[in-house]
Amino acid sequence: MNLLTVENLEKTYGTRKLFDNTSFSMQEGEKVGVIGINGTGKSTLLKMLAGLEEPDEGTVTVANHAICSYLPQNPVFDEKETAMDAVLAKYAQSGQTAAGEGDLETRAKTMLTRLGVTEFDTPCGQMSGGQKKRLALVAALLYPSDLLILDEPTNHLDSDMAQWLEEQLRQRTGALIMVTHDRYFLDCVTDRIVEIDRGKIYSYQGNYAVYLDRKAQREESSLASERKRQSILRKELEWVRRGARARSTKQKARLERYEELKNTEAPIADGKVETGFAASARLGKTTVEISHVSKGFGDRLLIRDFSYVFLKDDRIGFVGKNGCGKTTLMKMLMGLEEPCEGRIVIGQTVKLGYYAQEIGEEEMSANQSVIDFIRDTAEFVDTQEGKVSASKMLERFLFEGKDQYGLIGKLSGGERRRLYLLKVLMEAPNVLILDEPTNDLDISTLTVLEDYLDSFGGIVIVVSHDRYFLDRTVRRIFAFEEGGILRQHEGGYTDYHSRLRREAKEGGTPSVSGRNGGAREERRKGQSPEERGGRANSWKQPSSRLKFTYREQKEYETIEDEIAALEEKLEALEGEILASATDFVKLNRLTGEKAGTEKLLEEKMDRWMYLEDLKARIDAQNEAR
């Protein structure tokens with residue numbers, strides 16, 4: 001049954017047309033994800049569906065019986081209201097009887113606790129923005145509704161919370177429409193993707209993975225049609241240039257066809273962020289070195305005795321529950337916080353770029369124009385094509401024409417984040433620290449950022465709850481555990497999470513490589529912090545040196561040959577599979593053998609990466625001596 005219908009929708013903000021005579025509808029029980037670049041109107045669409053904004057033209061019709069529950073991107077509460085009262089206040093609007101209130105409060109407390117809010121009597125005015133978002137999320141989930149409307153529900157949730165919410169929404173029988181950048185979340189929860197692009201709404205049946213495939217097909221089809229149009233147009237143009245005169249009906253028809261082809265609009269490609277920054281300055285021998293750092297506030301210890309030396313091409317992710325100390329560690333790397341114990345050395349050649357989680361008025365004045373904000377960083381930027389003006393760089397980040405002279409305060413939350421990202425990258429860092437970079441950034445910008453990080457010639461340090469982004473960008477993870485311990489895990493987020501599940505199932509102790517940064521670096525002796533070119537505090541001399549074990553040395557010498565042999569075997573198996581298409585017994589055996597070989601190859605590649613990394617650390621240690 002049809003739940004809502006949007007017909008001939010038009011909406012303009014200032015000079016920007018968000019929706020241009022576009023339509024779509026939803027059925028009962030559908031789970032829809034809304035995507036599009038920042039500033040295209042995703043949040044505005046949700047507000048119109050929730051009845052909080054009116055379209056300029058067109059209609060938004062919700063079925064008579066339908067009740068909507070809405071989670072705004074930035075919820076606002078009465079500052080004097082307690083957390084529990086704030087959650088239950090919305091439920092009271094539904095007209096439920098008092099008989100169910102006891103059970104309701106229990107469910108509310110259970111959900112809040114699961115989302116890390118345990119002080120139910122705390123006034124909302126004393127809560128952070130992230131805690132308020134979680135209050136609003138619980139209120140939206142508790143409210144009895146036929147249509148749940150969620151704007152960025154995974155913002156301010158850690159990975160465990162996001163997985164819990166994922167399961168809640170998968171079990172939900174009612175309809176759901178949400179805006180989110182979390183691609184794993186979209187993949188697991190939604191059965192339809194709606195994309196907003198240049199004022200139009202495009203619908204793709206299926207989850208995010210299906211959307212990627214079908215969008216590629218649609219764009220390829222559009223390009224093929226355009227190539228065909230251009231080919232016909234060239235032939236017609238040649239005919240016209242030969243001096244054909246419109247003396248006959250046939251000739252007139254041909255001239256009319258030429259005019260029609262000429263006036264047909266070519267398909268417009270989606271707006272995409274472009275980077276193309278020139279290579280950053282090379283790093284010297286001393287990069288970023290953390291030695292026996294501890295940090296706490298009051299009687300709460302966040303980080304205990306953590307040591308790590310960053311290699312020149314490291315891709316490191318830090319994960320953990322909200323409030324565990326991830327952002328505090330990033331601020332210590334930036335010199336904005338000091339460790340209680342230990343020291344952090346920043347090499348003389350290091351140029352830090354910091355994409356902060358919270359961007360306040362001090363970092364981005366609402367009264368400053370977009371172009372002036374970027375010009376404060378640089379009037380011209382070195383790129384792979386040469387020097388490019390600040391205005392041109394803004395165009396590459398989808399701030400065009402009059403938008404560049406608008407005030408920052410007029411931008412959407414996502415546009416502000418995109419602008420801030422441009423500023424950080426324009427500073428040409430060689431050590432990039434990204435603290436929750438996926439919050440409010442659109443998927444298109446995230447994919448470009450991920451591609452940029454692939455070729456970034458320096459160190460990348462990421463704090464994120466976005467499982468997709470971590471899998472895409474990092475090769476080693478440090479997880480914050482109880483008591484301020486940071487434990488090292490090789491691979492991306494999926495590797496880390498699979499390992500935790502396996503250990504929980506086996507009931508044993510973690511068998512991951514490393515604890516508190518893994519192997520201890522060998523420090524250069526007899527040098528002051530000033531001679532090392534970095535910030536420092538008190539620290540203890542490590543007592544051990546890195547080296548290969550006998551088994552690791554032998555393994556390192558032969559593992560590349562083993563990988564090559566497995567790759568050759570896979571190639572041969574693929575050839576046999578193609579030749580055995582009609583022999584189902586043999587085909588089944590070969591397919592099983594191929595799967596086993598692929599798994600073994602993956603394990604060998606993981607081991608090879610670990611050994612290569614260990615060898616690089618040993619070499620760096622020996623050079624330092």
Side-chain angles (χ1 to χ4, degrees), residues 283 285 287 289-290 306-319 454 459-460 470-479 481 485-523 542-574 590 592-625:
L283 289 163
K285 286 185 178 180
T287 57
E289 303 183 358
I290 303 173
F306 176 55
S307 296
Y308 188 75
V309 177
F310 289 88
L311 295 178
K312 293 179 183 179
D313 64 345
D314 257 347
R315 299 291 191 268
I316 306 297
F318 287 88
V319 301
D454 285 343
I459 296 168
V460 178
L470 287 169
D471 272 346
R472 181 68 176 76
T473 58
V474 308
R475 298 193 290 264
R476 175 172 295 128
I477 280 178
F478 285 100
E481 298 184 351
I485 299 297
L486 276 78
R487 191 178 297 279
Q488 179 178 322
H489 303 258
E490 298 306 308
Y493 181 84
T494 298
D495 300 310
Y496 154 70
H497 192 253
S498 297
R499 195 173 293 119
L500 289 188
R501 284 187 304 182
R502 186 170 62 249
E503 288 163 0
K505 185 177 180 180
E506 294 171 354
T509 57
S511 58
V512 295
S513 59
R515 186 181 179 100
N516 284 354
R520 304 298 189 185
E521 71 282 5
E522 178 69 13
R523 301 291 184 175
S543 59
S544 60
R545 292 182 56 230
L546 278 175
K547 62 180 181 180
F548 273 139
T549 64
Y550 176 80
R551 177 175 172 271
E552 286 172 337
Q553 181 65 46
K554 290 296 184 184
E555 197 175 3
Y556 181 74
E557 292 169 359
T558 60
I559 195 165
E560 288 191 14
D561 291 337
E562 293 173 7
I563 288 172
L566 286 169
E567 288 173 337
E568 289 175 5
K569 183 179 178 181
L570 267 180
E571 188 175 347
L573 284 169
E574 286 169 356
L590 290 171
E593 189 176 352
K594 180 174 178 280
T597 305
E598 285 175 336
K599 183 180 179 182
L600 182 57
L601 177 60
E602 185 180 352
E603 291 171 355
K604 287 289 182 183
M605 290 295 292
D606 287 343
R607 184 63 177 170
W608 171 79
M609 188 164 59
Y610 165 74
L611 292 171
E612 281 289 339
D613 181 72
L614 180 56
K615 181 67 164 59
R617 292 178 185 282
I618 292 170
D619 291 344
Q621 167 190 266
N622 292 339
E623 286 179 16
R625 289 174 62 84

(Q) Applying side-chain hydrogen bond (donor to acceptor under 3.5 Å, both in side chains), can you list everything that pairs with Asp454, at least two apart in sequence or on another chain? (A) Arg472
Q. When rounded to the nearest 0.5 angstrom, what is the spacing between CD in Glu567 and CG in Leu601?
A. 5.5 Å
(Q) Below 30° counts as parallel, above 60° as perpendicular, anything between as tilted: where do the rings of Phe318 and Phe478 land? (A) parallel
**Q.** Any Leu611 side-chain heavy atom under 4.5 Å of Ile559 side chain
**A.** yes
Q: May I ask you to decide if Leu311's main-chain N or O and Asp314's side chain share a donor-acceptor pair within less than 3.5 Å?
A: yes
Q: Ignoring hydrogens and angles, tell me if any N or O in the side chain of Thr287 forms a donor-acceptor pair with the backbone of Leu283 under 3.5 Å.
A: no
Q: For the residue pair Gln488 and Arg476, establish whether any side-chain heavy-atom pair is separated by less than 4.5 Å.
A: yes
Q | Minimum heavy-atom distance between Lys547 and Glu552, given as atom pair plus value | A | O-OE1, 4.1 Å
(Q) Within the structure provided, determine whether Ile290 and Phe310 are in side-chain contact (heavy-atom separation under 4.5 Å). (A) yes
Q) What is the minimum heavy-atom distance between Phe548 and Ile618, and which atoms define it? A) N-CD1, 3.6 Å
Q | Thr549 side, atom OG1; Leu614 side, atom CG - distance, nearest 0.5 Å | A | 8.5 Å
Q) Any Lys/Arg nitrogen of Glu555 or Arg607 sitting under 4.0 Å from an Asp/Glu carboxylate oxygen of the other? A) yes
**Q.** Residue pair Ile316, Tyr308: steps toward the side chain to side chain contact (heavy atoms under 4.5 Å, CB included) verdict
**A.** CA-CA 11 Å; Ile316 306 297; Tyr308 188 75; 3.4 Å; yes
Q | Closest non-hydrogen atom pair between Ile563 and Trp608, with its separation | A | CD1-CB, 3.7 Å
(Q) Measuring only between side-chain heavy atoms, which start at C-beta, is Glu574 closer than 4.5 Å to Leu590? (A) no
Q: Could you list the residues that satisfy side chain to side chain contact (heavy atoms under 4.5 Å, CB included) with Asp471, not counting sequence neighbours?
A: Tyr184, Tyr493, Thr494
(Q) Determine whether Leu566 and Leu600 satisfy the following criterion, side chain to side chain contact (heavy atoms under 4.5 Å, CB included), listing intermediate values before the conclusion. (A) CA-CA 8 Å; Leu566 286 169; Leu600 182 57; 3.8 Å; yes
What donor-acceptor contacts under 3.5 angstrom involve side-chain atoms of residues 592-599, with partners at least two apart or in another chain?
unit_1	atom_1	unit_2	atom_2	d
Lys594	NZ	Glu598	OE2	2.8
Thr597	OG1	Glu593	O	2.8

**Q.** Gap separating the CD1 atom of Ile477 from the CG atom of Asp495, nearest 0.5 angstrom
**A.** 8.0 Å
